[in-house]
Structure formats: structure tokens, C-alpha cells
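Since the structure comes first, as C-alpha cells, the remarks are kept for the end.
Computed over heavy atoms, backbone and side chain alike; hydrogens, waters and symmetry mates excluded.
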Amino acid sequence: MSEEKKMGKGIRIAIDRGGTFTDCVGNPGSGRMEDDVLIKLLSEDPSNYDDAPLEGIRRLLERFLGEEIPRGQPLDTSKIESIRMGTTVATNALLERKGEDLVMVVTKGFADCLEIGNQSRPNIFDLAIKKPEVLYKRVVEIDERVTLEDYAEDPERNETKATTIEKAGKDAELVKGLSGEAVRILRRPEEEGIRKSLKEVYDEGFRSIAVCLMHGYTYPQHEALVGKIAKEIGFGHVSLSHELMPMIKLVPRATSACADAYLTPAIKKYISGFEAGFEGGLGTESVKKEKGAKGARCEFMQSDGGLVDVDIFSGLKAILSGPAGGVVGYALTSYDPETKTPVIGFDMGGTSTDVSRYGSGRYDHVFETTTAGVTIQSPQLDINTVAAGGGSRLFWRNGLFVVGPESAGAHPGPACYKKGGPATITDANLFLGRLLPDFFPKIFGENEDEGLDEGASEKLFKELAETINKDIKGENREEMSIDEVAYGFIKIANETMTRPIRSLTEARGHDTSKHRLATFGGAGGQHAVAIAEALGITQILVHRYSSVLSAYGMALADVVDERQEPDSKVWADDDGEARKYLQNKMKDLKEKSTATLKDQGFSEEQIVFEEYLNMRYRGTESAIMVIKPTQEEAKEYDGDDWSFGKAFVKQHKQEFGFTLPDRDIIVDDVRARGIGKTFEGLEKTVDQQLKDIKPKDIGKGEKEYGKRQVYFEGGRQETPVYKLEDLAVGDRIKGPAILADGTQTIVVTPGSSALVIDTHVVINIGESESQGKTLNTKEVDPIMLSIFAHRFMAIAEQMGRALQKTSVSTNVKERLDYSCALFDSDGGLVANAPHLPVHLGSMSTCVRKQAEIWKGKLKQGDVLVSNHPMYGGTHLPDITVITPAFSGDNIVFYVASRAHHADIGGILPGSMPPNSRELFQEGAAIKSEKLVSEGHFNEKRITELLQTEPALWPGCSGARCLADNLNDLKAQIAANQKGINLIRTLIDDYGEEIVRFYMHNIQDNAELSVRNLLKDVSKRFEGRDLSATDYMDDGSPISLRITIDAEKGEAVFDFSGTGPEVYANINAPEAVTYSAIIYCLRCLISEDIPLNQGCLKPITVNIPKKSFLSPSDHAAVVGGNVLTSQRVTDVVLKAFQACAASQGDCNNLTFGFGGNVAGTDEVKGFGYYETIAGGSGAGPDWDGTSGVHTHMTNTRITDAEVFERRYPVILREFGLRRGSGGQGRHRGGDGVVRDIEFRIPVQVSILSERRVYHPYGLEGGEDARCGLNIWVRSIEVDEKADAGVEGGDSKEEKGENGQEKGENGQEKADKKKKGPKVQERRINLGGKNTAEMKPGERIIVMTPGGGGWGKVGEEKTLREKRDPREAWRVGSVGERQAMAEASA
């Protein structure tokens, strides 16, 4: 880089090409803000120009050079120093599925790995399950296989020594991988076979290929071979997963490779078209050119907030290119490294609202996130879409105000855009005077020269107000004015957005109120004050360039080069071998990064590094990316800046609330982020400006542009309007006021004030706008009802976060297998989070039962505990902790949390035995006990209940990890306390009477929705009773007759005819049937309603006593929760003729060894539990979905690579079971095949259903195939005795070298020489069984499909329904929500 260039002699241009507008910021080279030129133009305007960024650059050059440049003439790059761009090309290609046709290459047995994904469904209440489409068109399976030799759960901690392939030789069977782990090569790929397969797809026209092989992150040799052959054949683009992101997890890595192969060709195509518009070329290489016109530097913004040279910009890193610029923009202009006040970024545009956080002077990254249904493994800024934007549509549904998630989009857009659009948030702001037509571009109407249409907005709000007033008229409520209706929607929109913002900050252990809010994007200024108030934030920053902040962020950003390698080292705090090894690895990464940045023209002095280790405690999956401590931070650690271990412990404590001092800390990855510094820092930060400024209050009438009647809480007020350009630095305006320019409108509410400084408008929050509003308990305010629905749900969610944060067990902390809820004083459910179907109705049964038992006996500080099926429990591992909240001596409400404890004793580890006959065999059964008495934790009693009492039963053990149980119970108590504190705050704000009033009314609202549903169903069935019967595999019938009173909207669910209690474990407590009914009703309503006790008010349920749906005290129930619940759901949906049967099963598989069963000494071991997906049933306008969890469960499956790293197994196959779904007009989904080989002796148990009775088809659709569980057993046979036996049922299974699979080849070969012959036998295990399996033996679980709908050959009537949230950015908030819903 020449001195002249460094000094900034050329023009600098930064561009953000968004969906609607392209924003350009140009500077003549001075670097001063006052010299900047801003241009905003339409992203698509084909009648005037082909490419918006090119047009923007042309206009800027005309301005700076003072000469006319005709369109189409190549632009002279000699005057340009740099062009920086963010683009939506990749995001749009992903959303519209318009990328390159590609082939995925994967290890044999995993062709369907991306179709199955993590097996959970995106929307738990949608019967028409819609999973995102895969990106590839074809799959090629490669017959190769490696696995990890050791396993993390090994109680002996054995570690196999191995050397690198370079030292061990290419034929070695055991080598050291990149992560330091020993890798066993089970099968090498054959070059000829690969070449033949790839040539076939090449000849079909494919030119892009994505390669992801099992354990390729640590042993990339096989992937590299495939890549080499693909390039030789002539593939234009080859994405190798280990080069893109060498992190463990097959599915996200394979998706990332596919996304890269799908998007990079589209990006390259766009870039080459863009480059053609310049005379001297773009990028580092063009700048270095000796001959011809000098090129210009050109860098693109990546998803991680760093710029990269145009020549190496790839599709995988382009997905958040545009929004990343906005985060960089607010981070660098709003954060002060001196005061260190963290900032929340609030970007509200037309189609979406994104939030993010910036603190500690560095960006928050996530490494696995989903965009447009595609889960990417790559560093990305933690940007979360929390709602639609100004275009969010407004609805009145079931007595509630609802905002979004549907959006009006750019076309037709809001009603005021004059294209016949629906009512939106933009319309509400316009109608209420909060948006000024004078300041909006005149681009509407037939000739695109008219302003916003206020009349169109008003017309729709009049119609909405009429509908609402008609609905509430019969309920003795006052009519609502049109203003109140429009303002109600604004309040609900704000409430919808604050919940996820709180989640983003609190989930990481930060206090939301200690942040500033930086708002940008077109619509942010109208909502910022209300959002800040709700979050307890007192100061808002609005940058002068807030409407083009993404482009400005590009101008300020640094060039970044990311490097990462996997590892598996145990951290040592001393200067040991591990530390030196990691330091060397880091040094290598930094050297590679430095070389790349120097090649782009950066000098040594301009390059700085962020160094990270990705660390976790052994036995957990919650890894934290820990940055190397700064010199300042290192003072805490005796000046040692390589104290990663101590920094990890500190961060873990902050984020999760505890540490595990007795556990090893594992390093999963080493990461170096090389930064080529171009941003020198601002002349003055916000805090420095605020310190120096002398505010001058603007008097009445002074500098006013005009006045406007604007609606605030309570009515319209005459409000002064100011043009931003008319205000001077230091001017302070007291609210109410509106500040506006051509790109943004800032609403300053009464009680707040706005101060103009050099770079920002700073809004200080005063009195809340909503203070002073009086509420009464005589009539329900529909706006407040909608707000309380959000508030109650937010409390349950915050309880859940507190529980996750303070718990220790993997089940709660990582699988999120818990539920938190609040109940009224009668025990009626008010709100439950997350919505786990199996907990929905049952928690309330439990709370009501305990409330009855302890009536009048509870005191402040008491906490109850129960898990017994007769007392509202589902199965014993789910323990419920209940805390009453008092006002004086009266209980005003209850809070409860239910968590799945990994082990509570019984006959088998995991407390989920497939062959239990009595309840005692399943572990500790607690009917009703005080866990805490007046603030004192009863540890002695709970220890007796969990450990001593269960071990008194024959063949049973007490809880096998009591410490985890006690920790999780304490976490549940803490979560309950959090809920009580939050409701107390709500009571302080509104008064106890109001809160209790709305607790009951939100239940009435859900009741209304169910009554309306039942009336509709009665009409459809012409008043007939509905009935259905189905059978468990042992022949036990579940019979149901539903009688509906159409006038009242009530129904009786009568289960008479259901079979008697069973001497097995498929008995289901009554609470399970209630949960199944609520789940089915919610699915049938197919709208987002509050899920609470009201859903069951119109329902009377008759369950015959002593039947297996209402068993006795001592009946075994473990299968009732996971199997019978599914069959009850099948029966209810069959009665409603809603859809064909789904797999009707969870396929519960457990394996492990160890424990202290039957009084023997405890053997240290491990236990593993999983549930396996199947097919979903087809319906009247949808096909079933394959390889997905259905109805009462939604748990994720452990990724194949993590599975083999943690346990002594080889996953031979995990794919779809083709043809297992029922045929019909609409096909049922297929089940899956899961083939697991064990490498050590283990006890394997399967608990499953639908192995005898087929999942039914409906309306002439065919039944699906049943499931099947096969034990592939190795039997030693005497050759003489075996001579007369036909070989049909057994065969030797050999590897490629003629040796049997399983143990290592030498041992098998030795056995062959000496011992008897080994035959393979395939044995049907039936639906419920347990077996001791030897090394090399396998279990193959083939799960049932879903039934078909309608006769084969009838014309399909599929509905086209896109989820409006598909384009949303799923950062940490969305991922947490999805995980929570996947823990059922």
C-alpha cells in the first residue's frame, strides 16, 4: 500500500444494498464527517439503471469530480481509494432458493442427514409439518469411514496414543487427527469409484459440489481426495467442509458446505457483472497491477462484521452482509471504551426488526445459526430478528390485539402506500400523527409522484374499530375510539419486541436496564422511547446517519481474516505441555492470517489479533468462546494474559451462575481473528460530547417547522415538529415533540427530552408515557388483556432462563427439558413456557392437587415438591417444584417449575426401564412433600426420598447422581422465586386486584377460542358425535366419543371402553390425557392463542377409573408419558378427522453400563438416552413429512459426530426408511433407519410402539408400515454342529479386507484362527426389550411412517403456505426458543 494511498488521497465509498433501498456514503478522502455525501436510491429500478451500487458510485463520482459521467461508461478507478459493500445477494438467493444447482457428497449411510437434520419440527402446533427444503439437487455417497478411537464418557479416561498420518504412514489404521484425537480408519475410499460417481453427475450438468464426510473436521484427508478428483473432472466450484469451518457436528458443517456451494457461484456472478462497470478492475490484485489503469481496493462486508477482499468473498460468509454493517455502525459510533456502557442495537425497518448487543469493546458472535431455514456453522454477529417491521400486519383475533408476524412487504406495502395493502404499524403511526407525510418521499400513486395516503389508513382503522366494538359490545364494555384502537396496536407491537430483547441480554447474564438503546432503520425513531421505557433503559442514541448506518458501518469497519482449528486438549493453568501446544497452534494460525492481510496491503503495525479458545467443562456441550484476557484483565490473574482457564471460569459463572471446579476444562477449538485496522476511532465519543456540551432549552415556537396533533397515552396533543437540519448542536427539546428529516422521524414523548450533539440526537427518558392511566376491574380492556398475555408469558420465560442458568444437569442446561409456569390462586394455569405439549395440562393438575392438600397449612417461604402420577405427575423423572405467593395470609398465585432429572433411581440407570411392571421399579415417587419450610431447605428429607427409600425395593438403586438432583432442585426453587419477584413488580405497577383480574380474564379468552372451535366442528359434522378407537401394541384399546353442545360450544370427551390397567409400563396418569387434549385443540385452532386453563373449561373429560388412562397408585407409567400420550393424540385427531396417524411413538433407546443395582458395589459407567424420529401423517391439504418428531415430543437427536465422540459407538446408518409412509392422495411421511454398532459391552434397551398396529390412513389413504427393532447378534457356533444348518438366517459380515467388522481386525483375525466360527443373526427385539450387547453387535431401529390421506390417484390439493418468519435472522434468541420447543 503506497504512502499516498494510506494518507487517504482517493475517494472512499461505502454502500449497503438492501432489499428496498441502496444507501451510499462517499467521502472525498478527507475522512471528515462534514465532507460526507449521502445518496439513497431504489435497489431495483430497471427503467433507469441495471445495478444500484454502480449507479450510486457514478452519482458520487459526478459530485466529487464535478463532471458529468454518462450511464454505461466504465468508471475510472484511479480516483477511488476504496469501495466497501454490504449486499443482500446471498440472503435473497437463499430466501428465494435461486442459488446454483449442486451435488452433496457425503459418507455412505448419511445421504439423508440434512433432510432429517436434528429431527425436531419448526412449529410444534402445526399438523402440516413444513421443514426447510434442502439446497442440493443430488447426493453422492462415498464408501469411506473413520471414527474416533476413544470416547469422552469413558469413566477410565483412557487415551489412545497415535501419531500424525505423515509419521504413521498412509496405510496406518490409527492416526492422530487435527484435533489431537486418535482416529481409526475403518474404510478407505476408492479413487475409481469416486471418479465414476462424480463424472456421472458432472455429465448431468452439475458444476458445483459440496463435500462433507464423517469426522472431516479432524481427519480431512478423504474430503481433500474427493475435492482433488472433482477439480480434475472440471467442477467450477468445490466447497470442502473442513476448509470452510473445521468444527465438530456433521449436520451444520454439511449444511454450511452446501450453502457455500449454493451461494458462492451466485455471488461470483454478481461481482463479475459489478466489476465490468469499472475501467481498472477491483480488489487487491488490481491495485498491485504494474500496467494499465490502476484498480481500486474493493471489500465486502461478511456476516462476522469484518471486511474481506472482493477476490475471496464467499457465499457462506455473505448471509448477514447487510445487517452486519448496521451493527458495526452503531457499535463504533455509540460505544465509549472509557465509560464501557453496553449498547443494544435496535434496527426497525420496513420488513423486519433486528436487535443485537455490543459490550466490552467487541462483537458478540454465534457459531451456529439459522437463516431462511438453513443452519450455518460460521462466525456470525448475533443478530436476532424479533418482529416484522413497519410493515407488520394488524389483526383482531379471538378478543386480542395481534401484531404480525405476517408483513405487508414492499408490495403491496402498508395501506397508505396506495396499492390496496392491509393495515400495518406504519399506518397506525401515520394515523396517530407519529409519521409525517411531508418528510416522506413522494413515490406513491399511479405515477409514483404522490405522498402517503392518510385516508387509506384511517378507513382501515375505522373498520377495525367497528369490528372490535361489535365484538366487545355484549360484554358491557365502553366502546373504543379509533385512536385507542390504533394506539393499542402500537403498544402490542412494542410489547412483542421487548420480550426477545430482554432474552438476548439476560440469557447472557447482563442487566437490560444498564444499556443504552441505539436506534436506526426507518421506523426505529417512532418506537424507541416506548421500547426503552419497557426495558428500563434511560438513554437512547439516534445517529445522524441512522437511516444509512449500515453503509456508514462499512466505511468504519476493519478488514478481517478468521482462522480456526479443532482441538481436544485438556486445559492446564500451569505452564505445562498443553499450554505450549496451544500457544504454538495459535502462533501458526496468526502467521497464516498475517500473510493474508499483508497480501492485502496491510503493514505489520496495522494488524492486530483477537485470540480465542472455545472451552467447555467435560461432560457438557455448553462451550464458550473465551477471548485472551487484555493486560488490564490479566491483572486479576497475576498478570498472566494466557489465563484462558480462569477467564473461562469467570465467564461461565457470569453466564450460567455456577462453576464445576472438579471437572476438566476441554479446549474444542483454537481461533485467531486477524484484524487489518482501518478505523482510527472517532474524534469525540458520545460521552465526551455530553461532558463538554452546554444544553440550551428551545423555547415555545422557536425553530418550529410546524405543529401536528399527535396521539399519546390518553389523547391527542398539539405537538411541535422540528426539522433536524434546523437544530444546532446543544439544542434541547422537551417532549412532546417530533424531530424529522427526509429519512427518519423521531417521536419524543411527554416527559422525555432530546438533545442535539455533533454526531447524534440523544433522548433522555423521563416519566413513562403510560403512567397515570387508570384501570378498573369492572370491564376488560382488550389492549391491556393483550399486554398481560405477553407479560405473563414473559414471566414464565424469564423463570425458564433463571432455571437454565442455575441448573447443572445436561438435561436442563443443554436439552432445556423443563417447563415453568404461573397459576392463579385456584391452581388454574395462566402461562406456561416453553409450550411443551406433554406439560401443558398436567402441571395444573399437579398444582391444584397440592393446593387442596395443603389448604390453610402453608406459610411464607414454603416450597412443595411432587412427581407422583396420581398427583398430577407425568412420569417420575419429571419433578415439579411449587411455590405459593402470599399477600398477607392469603395465597394470591402459585409458580411452578418442572424439570426432567436424569436419574432418580429404580432398576435401570436413567430411570426409563422398558420392562418395568410396578411404579417402584421406575425410581423415587414423591406424592407431596415440603422441599423448603419457611425458607429452610429440607436436604435430609429430600435425600431420603431420592436415595434411601428407592433403594429399599428389590433390585432397585437410589438416585445415581444425587448432587445433580439437589442442584437442579435448588435451581427450580430459584426460578420460582424469580417468577414471584416478577409478578410482585407487576403488582407494584398495576395493583394486585388488576393483576388477578387479568389472570382470570386471559383464561376466559382461551376458553372463548375453544368454544368457537367446537361450534365450527359441530357444524362440519352436522351435530353428530365424533368417535374413534385405536390400540396399543398389546391390544389395549383407547376408545373415545366426543359429544358437542353446539349452542354453548362445550364438549364431553368420554373414554369409556378404554382397556384396563396393564401389568407393564404403558399406563398413563390422567394428567397425560389432559395434556394430549389441550395439544390437539391448540393444533386444530391453528392460531396463536394463550395456552392456559381456559382451554379446558368448555371440556368435560370422563376417564374410566382403573383403566390404563387412570391407573392405580402403584402402576408403572414410564411408557405412558412417551408412548400412550402419542396414541391418545392419534385417537383425538382421528375423532376430529384432522389427519392420518403419525408414527405414534418416541422410539426411546437407552444404552450404557454401571450403577449399583441389586446391592452390588457401584460400577462407574455412563448412560445415554435418545428418542428417534419417524413419519408424520398426511392431511386434507398436505403430504406427511419424513424423519421428524411428531405430536407430544420434539427432542433433537445428538449429531452423528458428537455421538461417536461421546460414546463407544459407530453409527452405521441414519437415513430415511423409504416407502414406510402410507400411500394416498397425500402421502404419509417416511420413518427412519438408525443402525448403531457398539464397540464395548453395553446394556441396550428399547421402549417403542407401533410395532404391531399400523399408523392408520384416513379418507381412503393407506396405513403406514410398522416399526421394527433388530438386534444384529454375533453367535459363536461349532462348525461341525453348524454343518447341517442352512445359512439363510445368518451370515458372516465382512469388511473390505475379509475380516469381520466390530473389534479391530487383528483381534478378529486371531479369534478366527483359534476359536469357533462367528455367525451374524438378526433377531427381532419386539417393541419393548433390553439386551446385553457385545462389541461388534448392533441395534437397527426402523421407525414407523405416517398414514396417507385420500385415495391413491385422486388429485392432490396441497396448500402453499410460507412461514412469514422464514426470512428472519435466528440469532441466539431464536435458537434458544427452538431448543426449548425441542425438549419435549
Taking salt bridge (charged side-chain N to carboxylate O under 4.0 Å, His left out) as the definition, give me every residue that meets it alongside [X], ordered by chain and number, with sequence neighbours left out.
X       : answer
Glu1022 : Arg1024
Glu1061 : none
Asp1183 : Lys1356
Lys849  : none

State whether the side chain of [X] and the backbone N or O of [Y] hold a donor-acceptor pair below 3.5 Å, judged by distance alone.
X       : Y       : value
Ser1018 : Lys1015 : no
Glu1262 : Gly1347 : no
Trp1349 : Asp1181 : no
Ser1075 : Ala1071 : yes
Ser392  : Val403  : no
Tyr818  : Gly800  : yes
Ser1248 : Gly1327 : yes
Ser1036 : Met1032 : no
Lys131  : Gly1187 : yes
Asn1147 : Ile1172 : yes

What's the shortest heavy-atom distance between [X] and [Y], and which atoms?
X       : Y       : result
Ser1142 : Gly1177 : OG-N, 2.9 Å
Val1072 : Ser1125 : CG1-CB, 3.5 Å
Leu1216 : Ser1186 : CD2-CB, 3.8 Å
Gly399  : Pro782  : O-CB, 4.4 Å
Ala1068 : Pro1111 : O-CD, 3.3 Å

Between the side chains of [X] and [Y], is a donor N or O closer than 3.5 angstrom to an acceptor N or O?
X       : Y       : value
Gln119  : His1189 : yes
Thr874  : Asp878  : yes
Thr880  : Arg898  : yes
Arg499  : Thr496  : no
Gln1093 : Asp826  : no

Practice item. Take Glu1007 and Asn1092, measure what side-chain hydrogen bond (donor to acceptor under 3.5 Å, both in side chains) needs, and give me the verdict at the end. Key: CA-CA 9 Å; Glu1007 179 187 345; Asn1092 56 43; over 6 Å; no

Inter-residue atom distance [X].[atom1] - [Y].[atom2], 0.5 Å rounding:
X       : Y       : atom1 : atom2 : answer
Asn832  : Glu797  : CG    : CD    : 11.0 Å
His790  : Ile1002 : NE2   : CD1   : 9.5 Å
Leu1084 : Leu1013 : CG    : CG    : 5.5 Å
Gln1137 : Leu1258 : CD    : CG    : 5.0 Å

Side-chain donor-acceptor pairs under 3.5 Å in residues 1037-1045, sequence neighbours left out?
unit_1  : atom_1 : unit_2  : atom_2 : d
Ser1039 : OG     : Thr1029 : OG1    : 3.3
Thr1043 : OG1    : Asp1025 : OD2    : 3.3
Asp1045 : OD1    : Glu1047 : N      : 3.1
Asp1045 : OD1    : Lys1048 : N      : 3.2

Listed partners of [X] passing ring-ring contact (aromatic ring centres under 6.0 Å, His included), at least two apart:
X       : result
His1226 : none
Tyr1256 : none
Phe489  : Phe401
Phe823  : none

Ile492 pairs by side-chain contact (heavy atoms from CB on, under 4.5 Å) with which of Val402, Ile787, Leu400?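 Considering Val402, Ile787, Leu400, a side-chain contact (heavy atoms from CB on, under 4.5 Å) with Ile492 is found only for Ile787.
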
message: Just to verify, which of Ile124, Val1128, Asp1145, Thr1129 counts as forming a side-chain contact (heavy atoms from CB on, under 4.5 Å) with His1191?
response: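 Exactly one pass, corresponding to Thr1129.
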
| query | Residues in side-chain hydrogen bond (donor to acceptor under 3.5 Å, both in side chains) with Ser1110, at least two apart? | reply |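 With neighbours one apart ignored, the set is Glu1070.
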
query = With sequence neighbours left out, what residues match Asp1263 under side-chain hydrogen bond (donor to acceptor under 3.5 Å, both in side chains)?
reply =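 Listed in chain order: nothing, the list is empty.
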
Salt bridge or not for [X] and [Y], using N-O below 4.0 Å?
X       : Y       : answer
Arg1250 : Asp1130 : yes
Arg1225 : Glu1259 : no
Arg1011 : Asp1004 : no

Where do Lys1097 and Glu1050 land on the salt bridge (Lys or Arg N to Asp or Glu O under 4.0 Å) test, with the steps shown first?
CA-CA 8 Å; Lys1097 277 187 186 165; Glu1050 292 178 354; over 6 Å; no

Arg1127 vs Asp1033, test: salt bridge (Lys or Arg N to Asp or Glu O under 4.0 Å). Steps then yes/no. CA-CA 10 Å; Arg1127 192 67 71 263; Asp1033 279 351; 5.1 Å; no

(request) Scan residues 998-1044 for pairs that pass ring pair (Phe, Tyr, Trp, His ring centres under 6.0 Å), counting only residues two or more places apart or in two chains. (result)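 Listed by first then second residue: Phe788-Tyr998, Tyr1031-Tyr1253.
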
field: Lys NZ or Arg CZ of Arg1082 over Tyr1079 ring: under 6.0 Å, within 45°
entry: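 Verdict for Tyr1079: no cation-pi partner in Arg1082.
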
Inset, instruction - Start with the C-alpha distance between Leu1247 and Val1122, add both sets of side-chain angles, then the distance that settles side-chain contact (heavy atoms from CB on, under 4.5 Å), and finish with yes or no. - result: CA-CA 9 Å; Leu1247 180 61; Val1122 291; 4.2 Å; yes

Kindly indicate, with the supporting measurements, whether the criterion side-chain contact (heavy atoms from CB on, under 4.5 Å) is fulfilled by Leu1026 and Phe1136.
CA-CA 7 Å; Leu1026 319 181; Phe1136 280 101; 3.7 Å; yes

| message | Let's go through Thr1171 and Thr1195 carefully: what are the C-alpha distance in whole Å and the side-chain angles of both, what is the deciding distance for side-chain hydrogen bond (donor to acceptor under 3.5 Å, both in side chains) to 0.1 Å, and is it a yes or a no? | response | CA-CA 7 Å; Thr1171 59; Thr1195 42; 2.4 Å; yes

